[in-house]
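The next block holds one structure in the form of structure tokens; read it before the comments.
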Amino acid sequence: MDIVMVTSKLYLSTPSLLSITLQALQHQQSNNLPSKLSFTQTPQKHQKSSSSTHYDHPNIDQTQQIHAHMIKTHFDHSLQIPLSFLPPHLSPEAQYNFLITSYNNNNFPKQSLKIYAHMRRFDVQVDSFTAPSVLKACGQCSLVVLGKEIHGFVLKNGLDGDVFVCNALMQMYSECGSAVSARLMFDQMAERDVVSWSTMIRSYVRNRLLGEALDLIREMHSVRVRPSQIAMISMVNLFADLTNVKLAKTMHGYVIRNMNNEKMGVPITTSLLDMYAKCGNLAYARWLFDGLTQKSVVSWTAIVAGYIRGNRLEKGMKLFKEMLEEGVFPNEITVLSLIIECGFVGALELGKWLHSYMLRNGFVMSLVLATALVDMYGKCGDLRSARAVSDGRDDKDVMIWSALISASAQANCPNEARELFSQMRDEGLRPNEVTMVRLISLCAEVGALDLGKWLHSYINQQGLEVDLILKTALVDMYAKCGDIDAAHALFSRSTDRDICMWNAMMTGFAMHGCGNEVLKLFEEMEILGIQPNEITFIAVLHACSHAGLVIEGKRFFDKMVYGYGLVPKVEHYGCMVDLLGRAGQLGEAHELIKSMPIQPNVVVWGALLAACRLYKNPSLGEVAAKHLLELEPKSCGYNILMSNIYASAKRWNDVAGVRKAIKDSGIKKQPGLSSIEVNGLVHEFSMGDNIHPQTGKIYEMLAEMSMKLKEAGYTPNTSVVLQNIDEEEKETALSCHSEKLAMAFGLINTAAGTTMRIVKNLRVCDDCHAATKLLSKIYGRVIIVRDRNRFHHFREGSCSCGDYW
DNA sequence: CGGTCAACAC
């Protein structure tokens, strides 16, 4: 103790060693080192140093240096902390706090917690300053157990009357995912400041309890607490999640009204521009961005990410380069967001470029970044690159394994995904909720109902928490695997539905052609006051189109734009063109395309072309086909449709012309693939394939099926076959279509009377549709076929789609 | 206490 006294006296009158160290480091940095990319630099302000100077917290190198120095001297052995390395005249508590805060500021919460452990070992008390710092680290590490320990000390040391400490406790509970505990804290507080309110609102937003957040905002106003700019940022974030331009504008107005003559800060403007970008209104986002007096790396990140999300890739790239020219360097979150957005829109090239940019510019390939890359490559269907990123690492955690599993799902390798799953377990990693979500969406993707059911029971058996996202994934899986009743049962039982849950259910119903159920749910949503988003309307329009509800469809489209303020995306136009086209209103459909403010894509023109085929309109079909070939010259599906249109109009010369064009271009038709799951394994078939071990038996079965079909009076519809071959061969080609092979395999390998579920990657053809109807009757089976667009339930000789698909 | 970042629905 004496030593401390003496040294502190000694150093109080001289510049502290810390500031000398800092100055030296600062000097070194400004002279030699380029600014590091992986950390945000905190500007070092202090020049002269005296005992009264405010100390900025050092960066991580400096923090570690101080820490190391402390350990080397007395730090680990006694409480005699050498004051020379810290701001002078501080208590031991404050010195610990200084180091904890330094590690926090440099984003090393685990180090902070080590310092805390040390502090406890030497029985230094948690005070009103250390408590919030340690709690912050607990929150970042999601260590609610440690957080509760601090809570205990807070109560023991009588700090529970301190607003600052209580706010930190709320924040900790919120970050650990418990909005309920945070609210308990909030309710118990004797005194609340504006920070308490905004922390609680933020807590609800973070935990996606949007209704509660809105209620709390109202309550805050009713007790006359005015929102600060920071409080409003939480609210803006809340509205950003709603992806609704009309509500976004309302929020913007709210912010302006509550500014109290303050200047709009950079952070709030950034959050507003991010909100607009997420709602798809890039013009507003850009306008706000351009108006920023100081553009920080955060603002740049938000606007570039916004452009990528809106699929304006060149523009996004251009801005990214502008950012670099302005001397603003991307941080880890920048590349992380941009990579995530690339995955979102499937921008593989840009994603690769960002990957190489990272490597070239010395970014530390953290596990988080690697996971984002694996995820992006997976979403873009590039399994090889995904594996290249993850394979070399020996620090793989559950998250990156899960991303890899999803990547193999995307690449259509369900059995490989299963393999990875067991590999992961072999390495001693326990699958968590995230793993299960990804595996279950894989089942949804490939239509593996048995595996999905097994995973569902595994979740219950392992006692994993079925949160809203997992439940949504399960609803989606059951719906997409054809078990719409199971999906609906799960949906009905959940009390805490969010918009994703509603959307999953409505999309499921729409896929199964249950238009009225979708409209019923939509009505229910409106009564409950739940804000539909653009995805909701895709489901609603889809439902109208499958159920032939033309007038309702138009009404919903208007409602979406004028009632809910959503900007229609190309998907919505696709639904509308499909809707009008199916109803035979071809002219109106064409007018709608011409009036679109955005570029129509292949879905839009494809819908028109399909309608032209249905209603035998070659001239408009040509217009659509021309656009389609411009958009996707490598595809011949449209040419095939066009030749079918000419054939039905008996324009044989044109048919021959198109066929020659296909032949000349040397492009192959996208192969049709059908899969069926038997005993948890997915078996996939392509047309006429003979690689399956049971090939012999399958073809015997196929022959039997043909015979029984003929007995039932079925004649093959050979007009759908394109090849220039004779009629008999055409029949053979038809009978080998992949769905018929899958069906034969199913008939052999499942017990009589079992429902068969088949998943097809293309649209089911006319001939297979007619044959399957009869087969369902002949073999007394329910056959559920999921094609590219929707479900067909074949039962007793008829199909749920009413022959309208 | 704050602005860009985490898996689900298209």
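Residue numbers start from 1 in every chain, and the chains themselves are labelled A, B, ... in the order their sequence lines are given, proteins ahead of strands.
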For atom CZ of A/Phe164, is the number of surrounding heavy atoms from other residues, nucleotides or ligands below 6.0 Å larger than 12? no
Closest listed nucleotide, where the reference is the side chain of A/Val195 and the choices are B/dA9, B/dG3, B/dC1: B/dC1
Pick base, sugar-phosphate or nothing for A/Ile535, based on heavy-atom distances below 4.0 Å to the nucleic acid. base
Selected nucleotide, minimal atom distance to A/Thr199 side chain, candidates B/dC10, B/dC1, B/dT4: B/dC1
What I want to check is whether an N or O donor and acceptor connect the side chain of A/Ser271 with the base of B/dG3 at under 3.5 Å. no
Between A/Tyr284 and A/His252, ring centroids under 6.0 Å: no
May I ask you to check whether A/Phe289 and A/Trp300 place their ring centers less than 6.0 Å from one another? yes
Find the distance A/Glu341:CD to B/dT4:P and express it as a whole number of Å. 12 Å
Which part of the nucleic acid, if any, lies within reach of A/Ile340 when heavy atoms closer than 4.0 Å are counted: base, sugar-phosphate only, or nothing? sugar-phosphate
Counting just side-chain N and O atoms, does A/Asn237 come under 4.0 Å of either OP1 or OP2 of B/dT4? yes
Using a 4.0 Å heavy-atom cut-off, does A/Ser228 contact any base of the nucleic acid, only the sugar-phosphate backbone, or nothing at all? nothing
Please work out if A/Ser198 contacts a base, only the sugar-phosphate, or nothing of the nucleic acid, heavy-atom cut-off 4.0 Å. base
Is it the case that atom NZ in A/Lys295 sees more than 12 heavy atoms from other parts of the structure closer than 6.0 Å? yes
Please classify the nucleic acid contact of A/Thr371 as base, sugar-phosphate, or nothing, using heavy-atom distances under 4.0 Å. nothing
Tell me whether the OP1 or OP2 atom of B/dC8 has a side-chain N or O from A/Lys480 closer than 4.0 Å. no
Whole Å only: how far is the CG atom of A/Asp467 from the C1' atom of B/dC8? 9 Å
Counting distance alone, no hydrogens or angles: does the base of B/dG3 have a donor or acceptor under 3.5 Å from a partner atom on the side chain of A/Ser296? yes
Does A/Thr301 contact B/dT4 through a side-chain donor or acceptor facing the base, at a distance under 3.5 Å? yes
Rounded interatomic separation in angstrom, taking CD from A/Glu175 and C1' from B/dC5: 13 Å
Spacing of A/Arg438 atom CZ relative to B/dA9 atom C1', expressed in whole Å: 15 Å
Would you mind reading off the distance between A/Arg309 atom CZ and B/dT4 atom C1', rounded to a whole angstrom? 12 Å
Compare side-chain N and O positions of A/Lys278 against OP1 and OP2 of B/dG3 and report whether any pair is under 4.0 Å apart. no
Quick one: which of B/dT4, B/dA9, B/dC8 gets closest to the side chain of A/Ala504? B/dA9
Rounded to whole Å, the CD1-P distance (A/Ile333 to B/dG2) equals 13 Å
Quick one: label A/Asn167 by what it contacts on the DNA or RNA (base, sugar-phosphate, nothing), any heavy atom closer than 4.0 Å. nothing
Within-4.5 Å side-chain heavy-atom neighbours: A/Met436 and A/Leu455: yes
Distance in angstrom units between A/Arg497 CZ and B/dA9 C1', rounded: 15 Å
Can you measure A/Arg202 atom CZ to B/dC1 atom P for me and round it to whole angstrom units? 12 Å
Considering only B/dC1, B/dT4, B/dA9, which nucleotide approaches the side chain of A/Ile230 most closely? B/dC1
Hey, is CZ on A/Phe129 packed in by over 12 heavy atoms from elsewhere, all under 6.0 Å? no
Quick check on B/dG2: is either OP1 or OP2 less than 4.0 Å from any side-chain nitrogen or oxygen of A/Gln171? yes
Looking across every strand, which nucleic acid part, if any, lies under 4.0 Å from A/Val266 by heavy atom: base, sugar-phosphate, or nothing? base
Between B/dA9, B/dC8, B/dG3, which one does the side chain of A/Lys379 approach most closely? B/dC8
Can the ring centres of A/Phe556 and A/Phe522 be said to be less than 6.0 Å apart? yes
Of B/dA9, B/dG3, B/dT4, the nucleotide closest to the side chain of A/Ser337 is B/dT4
For A/Lys136, answer base if it contacts any base atom (sugar-phosphate contacts may also be present), sugar-phosphate if it contacts only those atoms, and nothing otherwise; contact means non-hydrogen atoms under 4.0 Å. nothing
